[in-house]
Amino acid sequence: MDDEFKLEIEAAKEAHDRGDIVSAIDHWKRCVNLDPNFVQAYLIGGTALLQIGRFEEAEVMLSKSTELDPDNIPLAVEHAKAATRLKNWSESIRRWSALSLRAPDVREVIDGRIEADWQIQTYRMSEAPGHGPTDKDWEQFSTSRIKTADTELFMQFQSLGDNCEFGLVQRHFQAEPISLLRWSSISLDSLIKIVNADFPNIGAPATTELAVGAHDEYVLADHANGIVMHTFLFKGQIKENQNELFEKMCRRQSYLKRQILEDLADGEQIFVFKSFVDTDLKAAKKLHAALQRHGRCNLLFAVEADKRRRAGSVEEIAAGLYVGAIDHFTRPGDGWDNIPFDDWRSVCHEVLRRTRSAARLKNLLNRVFGKGGNSKQSPAQADPNSPS
Amino acid sequence: LNSAQVLQQLNELFSEIFQRDDLILSPSTTAEDVAGWDSFKQIEIAVAVEEKFSIRLRTRDMTNLKNVGELVDFILEKTSGER
C-alpha cells in the first residue's frame with residue numbers, strides 16, 4: 001500500500017510537471033482514497049480543481065481537509081477561495097473575515113481578500129438585488145479588512161516609468177510603495193539599457209545633478225542613464241544647503257538602486273511600464289527579457305486602448321508579459337485630473353489574478369514537497385503554514 | 001542597545017529628518033501622527049536608520065512596520081542578529 005501511495009504521489013507530481021492538471025487531480029484523489037488523512041493531497045488537489053473551474057469538487061475536497069487540519073492557513077485560503085468561486089457570498093465573507101483576523105499579513109490572505117472583494121463588489125453592482133451578500137454581511141467584511149483591497153492591490157505593483165502617472169494612480173488608491181522610478185521620467189530604450197546593465201551609476205555624484213525646476217522644485221537629473229526625478233522638495237523649504245541636499249539625494253538613489261535590484265531578484269512585485277510614445281511590443285519583450293535576467297519578473301506593459309484592445313482588457317503576450325489597455329494616458333501640459341483610474345484598477349486586478357494563480361500551484365508543490373524531498377511528510381514536517 | 005536607547009536615537013534621527021526640535025516619538029507613533037511623513041520621508045528614514053544602526057532595511061520592511069515601536073523591535077532584532 002505504501003508503494004502504491006508513493007507511486008500515486010509521484011504520478012501526480014509528474015502530471016503537474018507536464019501541465020496535465022486533470023490527470024494530476026485524479027492521482028491526488030487516489031492518494032486520499034489510500035490515505036484519507038493525507039492533508040497535502042486535499043490541498044493541492046483542491047487548488048488544482050479551483051484552477052480548472054471545478055469549483056464544487058474543490059469545495060468538497062477542501063472542506064474535508066479543513067476538518068482534518070483546521071489551523072492550516074494555506075488550506076483555509078483555498079477553502080475561502082472555493083466559496084468565492086461558487087458565489088456563496090455569505091460563506092465567502094465569513095471565511096475571509098476569519099482569515100483576515102487570523103493571518104492579516106500573509107500574502108495569500110491579502111491576495112485572496114483582494115480577489116473576493118473585487119468579485120463581491122462587481123456582483124453587487126451587476127446582479128439583481130437579493131441575490132448578493134446582505135448589507136450586514138458586507139459591512140462585516142469591509143470592517144474586517146485592515147486596508148482597502150484597492151490599496152493592497154496597488155501595493156503589488158512597481159512603476160518603471162515612463163513618467164509619474166502610475167505613481168499617481170497608486171496614490172489615488174492610497175498605495176504608497178517606495179521605488180526608484182515611481183516619480184521619474186525615462187524612455188523605454190534607456191530603461192532597457194539600465195535594467196540590462198544592473199542600474200549603473202545610479203546615485204553616482206559625477207553623473208548626477210540637482211537643479212531647480214518648475215515651481216521651484218528641486219529635480220534630480222541622472223545624466224548617465226537619462227532619468228529625471230522629482231524630489232518634492234522646494235527651494236526655500238529646506239534647511240540644508242544645496243550641496244548637503246545633493247549628497248543626501250545621491251545616498252537615497254543608491255539605496256533605491258539596491259532596493260530595485262532586490263525586488264527584481266524576488267520577482268514578487270509586478271513591474272509596470274506605460275507610455276503613449278514607446279508602444280512597440282517588440283521593445284516590451286526586450287524589457288521583459290531584461291527584467292527576467294534578474295528574476296522571475298512579471299511585466300505589465302500598459303498601452304492606450306484602440307480598436308483591437310478595449311480599455312480595461314489584458315492580454316498575456318508571453319509568459320509573464322501582460323499588455324493592458326487604458327483608455328488614455330495624460331499628455332504633457334494636460335494636468336493630472338483626467339486619469340482613468342477604473343481602467344487601471346481593472347487591468348491591475350486582472351494581471352494580479354493571472355500572475356498569482358499561475359504561481360500558486362507551483363509554489364504549493366514546492367512548499368509541500370520541495371525538490372527531491374520525502375513524498376509523504378506529515379503536515380508539520382512539510383510546514384504548509386509558512387507564509388510565502 | 002535596549003528599546004529605550006533605540007527609541008531615543010530614533011527620536012534624534014526623526015528630529016533631524018523632519019527638522020523639528022519638538023518631535024517626541026513613542027512606540028505607538030505612526031506616520032499619520034507626524035506631519036510630512038510620506039513615502040519620500042520614508043526613504044530618508046530608511047537610509048538614516050541603515051547608516052545609524054549599521055543594518056539593512058528593505059523598503060518592504062518599512063511598509064510592513066505599523067508604528068515606531070515595531071521599528072524599534074525590528075532594529076533590535078537586526079542588531080542582535082548581526083553582532
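Order of the sequence lines fixes the chain letters, A, B, ..., with proteins taken first and strands second; residue numbering starts at 1 for each chain.
Using non-hydrogen atoms only and a strict 4.5 Å limit, the part of residues 40-51 of chain B facing chain A consists of B:F40, B:Q42, B:I43, B:E44, B:A46, B:V47, B:E50, B:E51.
The aromatic rings of A:F173 and A:F341 lie perpendicular to each other, with more than 60° between the two planes, well past the 30° mark.
Looking only at heavy-atom pairs under 4.5 Å with chain B, the residue among A:Q269, A:E176, A:Q259 that has the most is A:Q259.
One finds no salt bridge joining A:D266 and A:R296 here, because no Lys/Arg side-chain nitrogen approaches an Asp/Glu carboxylate oxygen to under 4.0 Å.
A donor-acceptor pair is defined here as one N or O able to donate and one able to accept, closer than 3.5 Å; such a pair exists between the side chain of B:N64 and the backbone of B:R60. In this structure a side-chain-to-backbone donor-acceptor pair under 3.5 Å is present from A:E244 to A:N241. Without hydrogens or angle criteria, A:T355 side chain to A:V351 main chain gives a donor-acceptor distance under 3.5 Å.
Checked against the 6.0 Å centroid criterion, the rings of A:W344 and A:F166 qualify as a close aromatic pair.
There is no contact between A:S254 and chain B, counting heavy-atom distances below 4.5 Å.
Distance check: A:T207 OG1 to A:I202 CD1 gives 8.5 Å after rounding to the nearest 0.5 Å.
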